Amino acid sequence: MPELPEVETTRRGVAPHVVGRHVAELHVYDRRLRWPVPANLRSRLRGRTIEAVERRSKYLLFRMGANTLLMHFGMTGSLRVYRSPPPRRLHDHVDLVLDDGTTLRYHDPRRFGAMLWLRGSGETHPLLRDLGPEPFDPAFDARYLWRKSRGRRAAIKLLLMDNRLVVGVGNIYANESLFRAGIRPSVPAGRVSLARAARLVTEVRNVLTEAIAKGGSTLRDYVDSRGEPGYFQLEYFVYDRAGAPCHVCGKPIRSTRHGQRASYYCPGCQT
DNA sequence: CTTTGCACCTGTTGGC
DNA sequence: TGCCAACAGGTGCAAA
């Protein structure tokens, strides 16, 4: 479920093992990801130094000289660090081997992820160009959210998940943020008041901060760079809790759908 | 422009 | 037990 907290947890786990190291080898066992892994990626990467590992939205960005290796984990991807890698398992698609033998292994059963080589910082690449602010960027504040939502009839939850407005908030954390803010996911965005927009911004940040502290959420596939699951799923108020009693008021959590995605809310706590 | 629905692909679950 | 449909965390794209 790599949303922002899972990608950030992976980034923090990977960075200390790779920053300052050179790429010794790249093995691509299956290039059929969301877009094919570029055929020349091996020759591009070999010998380069990884200067930094950054995150933008749900993308992991390995800075190498003037250029950037972009990774995305789709819905089921993960990236593990091995001092010496065990035998490959099903759906292990790429190994990036460093000069000290450390191996980054990319695993993605559903292959919705991506691995691309970007010119420069990649800012102008179509995948990154139109992204909205990071949730922790001061630019993402109540007035911004309020202004952007004026005149929009779509459900507030859909706006929250629109990465042109704000990045990193996927289905799980959208549901949880809206619960904490006391806002039903179905509320038309244009009818969210400035005060409630402020509450929502605060709760998006709170949820993401807490999730990062718990190592993200593991529903099925996600593991961090050491192979450890996250634990934030134990803290959910509404996600995947249809019919179960609200932890705050006891009413049964309801489920519905917005844009083909499952939504959950408490009829007592959210208006 | 906004909004909607589908597509990518594999794996798991629940109903019959 | 076996089969099949529905669904799963993301997001780009076409179409309305």
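Source: prediction; values computed, not measured. All values below were derived from every heavy atom in this structure, side-chain atoms included, with hydrogens, water molecules and symmetry-related copies excluded. Proteins get letters first, then strands, A, B, ... in listed order; numbering begins at 1 in each.
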- [ ] Can you tell me, in whole Å, how much space there is between the C1' of B:dC6 and that of C:dA6?
- [x] 16 Å
- [ ] Taking atom P in both C:dC3 and B:dC9, compute the distance separating them and give it to the nearest angstrom.
- [x] 25 Å
Open item on the list: Looking at B:dG11, which nucleotide sits across from it as a Watson-Crick or G-U wobble partner, both distances under 3.5 angstrom, or is there none?
Closed with: C:dC7
TODO: In plain terms, say whether A:R143 and A:D141 are close enough for a salt bridge, that is, a side-chain N and a carboxylate O under 4.0 Å apart.
DONE: no
Open item on the list: Check this for me: does any side-chain nitrogen of one of A:E54 and A:R63 sit under 4.0 Å from a carboxylate oxygen of the other?
Closed with: yes
Grab the [atom1]-[atom2] distance between [X] and [N] for me, whole Å please.
X	N	atom1	atom2	value
A:L160	C:dT11	CG	P	13 Å
A:R111	C:dT11	CZ	C1'	17 Å
A:R164	C:dC13	CZ	P	12 Å

TODO: Between A:L131 and A:R110, name the one whose nearest nucleotide on DNA chain C is closer to the 5' end.
DONE: A:R110
Task: Toward the 5' end of DNA chain C, by each residue's nearest nucleotide, A:Q260 or A:S57 - done: A:Q260
- [ ] Indicate, with a heavy-atom threshold strictly under 4.0 Å, whether A:R152 touches base, sugar-phosphate, or nothing.
- [x] sugar-phosphate
Open item on the list: Judged by each residue's nearest nucleotide on DNA chain B, which is more toward the 5′ side, A:R34 or A:L90?
Closed with: A:R34
- [ ] Give me the one residue out of A:F179, A:Y264, A:Y265, A:F232 that meets ring-ring contact (aromatic ring centres under 6.0 Å, His included) with A:F237.
- [x] A:F179
Open item on the list: Donor-acceptor check, side chain of A:R199 to backbone of A:A195, threshold 3.5 angstrom: yes or no?
Closed with: no
Task: Covered region of DNA chain B, 5' end to 3' end, by chain A [heavy atoms, under 4.0 Å] - done: B:dT2 to B:dT12
Task: A:F73 over C:dG10, stacked by centroid distance under 5.5 Å, angle under 30° - done: no
- [ ] Decide yes or no for A:N175 and A:Y236: does some side-chain heavy atom of the first lie under 4.5 Å from some side-chain heavy atom of the second?
- [x] no
Open item on the list: Quick one, A:R80 and A:L104 - any side-chain contact, counting heavy atoms below 4.5 Å?
Closed with: no
